[in-house]
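Both counts, for ligands and for their atoms, begin at 1 and track the order of listing.
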Amino acid sequence: MEQNERIRCLIIGSGPAGYTAAIYASRANLSPVLYEGMQPGGQLTTTSEVENFPGYPEGISGMDMMEDLKKQAARFGADIRRGIATAADFSTHPYRITIEGEKVVEADTVIISTGASAKYLGLPDEAKYAGLGVSACATCDGFFYRKKIVAVVGGGDTACEEAEYLSHLASKVYLIVRKNYLRASNIMQKRVFDNPNIEILFETQTEGLFGENGVEGAHLVKGKGTDHEERYDLPIDGFFLAIGHKPNTDIFKGSIELDENGYIVTRPYTTETNVPGVFAAGDVADPRYRQAITAAASGCKAAIDAERYLVNNNL
Ligand SMILES: Cc1cc2nc3c(=O)[nH]c(=O)nc-3n(C[C@H](O)[C@H](O)[C@H](O)COP(=O)(O)OP(=O)(O)OC[C@H]3O[C@@H](n4cnc5c(N)ncnc54)[C@H](O)[C@@H]3O)c2cc1C
């Protein structure tokens, strides 16, 4: 009978958090094994230019940056493998993680860095104009829309924050809200209502986008299904989604503490989860910042936390 493989430090995910954890863990002699998952390199492989990651004064393509991080992790001996984790059992130690429904690896420590995915409306045009005017991150892409006209979709706190952030860069920001009210907290509502650069389009939905080589406008409908239904085209240069993110934590449900939105809960100032020896890094545990640099930083912290756990438990 085939023996399960025993690993000291298992890293799940190959975004900035996972690779940074792998760099630190391999340099600390933890012989980490990293499974890349369905999106080797993570979210940044879907963007053309990253301009805010320190150390690249001219900017760098997301693909090249993640290739650099992978090489750096491999240089110190991290064992980087293709494969998706499909189940996790944290009920007994060593922890048992199933890969692709078949192979089971036993791990003394696990670093979960499976990221989060932005939610989209589901319009074909969102994919068509990805990187050509459609974005789910104002902090990442707002700079490209200085003095331009943008729209933000959503009515919650995040949408208001994104609209507020963009209002300091863009010449005009439309906030497209499906309902006839904002779900955001009172303070955020006040900020957008008081901001002369933000115009709220209530009861409005997006039906599509148009433009030759990038977004030039959105097809909107106001009061859909009512007797005052009205369709019109709104000229815009950028279309920002702010309708939430979905952390990739489905396989951990029931075995680790998650918050009400599915993010892994970590102990303040650490990457520790409620399961000793299981750590979480990057967007999967971060509903707030969701940046490459913050993900990388928490990957570093997770590797240090894993190393201390192994030492403290004589593993
Ligand atoms: C289009 C776009 C542009 C962006 N631009 C910028 C920018 O300019 N600057 C910036 O700082 N941030 C930017 N971001 C945000 C940034 O990409 C994220 O904050 C960052 O990638 C999060 O890193 P992470 O390691 O937590 O997760 P991710 O990059 O999301 O990586 C998650 C990894 O987990 C893997 N995974 C998931 N589930 C499993 C599983 N079950 N088993 C194994 N592996 C699994 C995936 O394959 C992937 O490799 C951008 C995001 C997008 C989508």
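- Looking at Glu229 and Lys222, no side-chain N of the basic residue comes within less than 4.0 Å of a carboxylate O on the acidic one, giving no salt bridge.
- The pair Lys70-Asp68 fails the salt-bridge criterion, with no side-chain N (NZ, NE, NH1 or NH2) lying under 4.0 Å from an Asp/Glu carboxylate O.
- Within ligand 1, the atoms closer than 4.0 Å to a non-hydrogen atom of Gly37 are 43 (C), 44 (N), 45 (C), 47 (O), numbered from 1 in the order shown.
- For atom 12 (N) of ligand 1, the nearest non-hydrogen atom from the set Ala292, Ala285, Gly41 belongs to Ala292.
- Using a cut-off of 4.0 Å between Lys/Arg side-chain N and Asp/Glu carboxylate O, Arg191 and Glu161 are scored as not salt-bridged.
- Nearest to atom 38 (N) of ligand 1 among the protein's heavy atoms is Met38 CE, 3.4 Å.
- Heavy-atom contacts of Gly282 reach the following atoms of ligand 1: 26 (O) (cutoff under 4.0 Å).
- Looking at Asp283 and Gln291, their side chains never bring a donor and an acceptor atom within 3.5 Å of each other.
- In summary, the side chains of Asp305 and Thr271 do present a donor paired with an acceptor at a separation below 3.5 Å, with no hydrogens or angles considered.
- Polar contact check, Thr46 against ligand 1: no nitrogen or oxygen pair lies under 3.5 Å apart.
- Tyr181 does not carry Arg183 over the face of its six-membered ring by the limits of under 6.0 Å from the centre and within 45° of the normal.
- Ranked by closest heavy atom to atom 32 (C) of ligand 1, the top entry among Thr114, Thr86, Val50 is Thr114.
- Of all atoms in ligand 1, listed by their number and element, those nearer than 4.0 Å to a heavy atom of Ser14 are 33 (C), 34 (O), 48 (C), 49 (O).
- Remark: among candidates His245, Gln43, Glu36, the nearest residue to atom 52 (C) of ligand 1 is Gln43, based on non-hydrogen atoms.
- In this structure, Glu207 pairs ionically with Arg231, as a charged nitrogen and a carboxylate oxygen lie closer than 4.0 Å.
- Looking at Thr20, Ile99, Leu44 and measuring to atom 17 (O) of ligand 1, the nearest heavy atom belongs to Leu44.
- Heavy-atom contacts of Gly13 reach the following atoms of ligand 1: 33 (C), 34 (O), 35 (C), 44 (N) (cutoff under 4.0 Å).
- The distance from atom CE of Met65 to atom OG1 of Thr47, rounded to the nearest 0.5 Å, is 10.5 Å.
- Interface atoms of ligand 1 facing Ala17, defined by a heavy-atom separation under 4.0 Å, are 25 (O), 26 (O).
- Not a single N or O atom of Pro40, backbone or side chain, sits closer than 3.5 Å to an N or O atom of ligand 1.
- Salt-bridge check for Lys190 with Asp194: passed, with a basic side-chain N closer than 4.0 Å to an acidic carboxylate O.
- Checking only distances, Arg290 does come within under 3.5 Å of ligand 1, N or O to N or O.
- Side-chain contact annotation: Ser135 with Asp141, donor-acceptor N/O pair under 3.5 Å present.
- The pair Arg81-Glu5 counts as a salt bridge, with a side-chain nitrogen and a carboxylate oxygen less than 4.0 angstrom apart.
- Of the N or O atoms in Thr47, none lie within a sub-3.5 Å distance of an N or O in ligand 1.
- Of all the atoms in ligand 1, the ones that sit under 4.0 Å from a non-hydrogen atom of Pro16 are 21 (O), 23 (O), 24 (P), 25 (O), 29 (O).
- Contacts with ligand 1 closer than 4.0 Å are made by backbone heavy atoms (N, CA, C, O) of Ser113 only, the side chain lying farther away.
- Ranking protein heavy atoms by distance to atom 13 (C) of ligand 1, first place goes to Cys140 SG, 3.1 Å.
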field: Derivation and outcome, side chain to side chain contact (heavy atoms under 4.5 Å, CB included), residues Ser113 and Ile11
entry: CA-CA 7 Å; Ser113 48; Ile11 301 167; 3.8 Å; yes
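- With hydrogens left out, the protein atom closest to atom 48 (C) of ligand 1 is Gln39 O, 3.4 Å, a heavy atom.
- The side chain of Asn52, and not its backbone, has at least one atom closer than 4.0 Å to an atom of ligand 1 (non-hydrogen atoms only; side chain from C-beta on).
- When only interatomic distances are considered, the shortest N/O to N/O separation between Asp283 and ligand 1 falls below 3.5 Å.
- Close N/O approach between Ala85 and ligand 1 is found [any backbone or side-chain N/O within under 3.5 Å].
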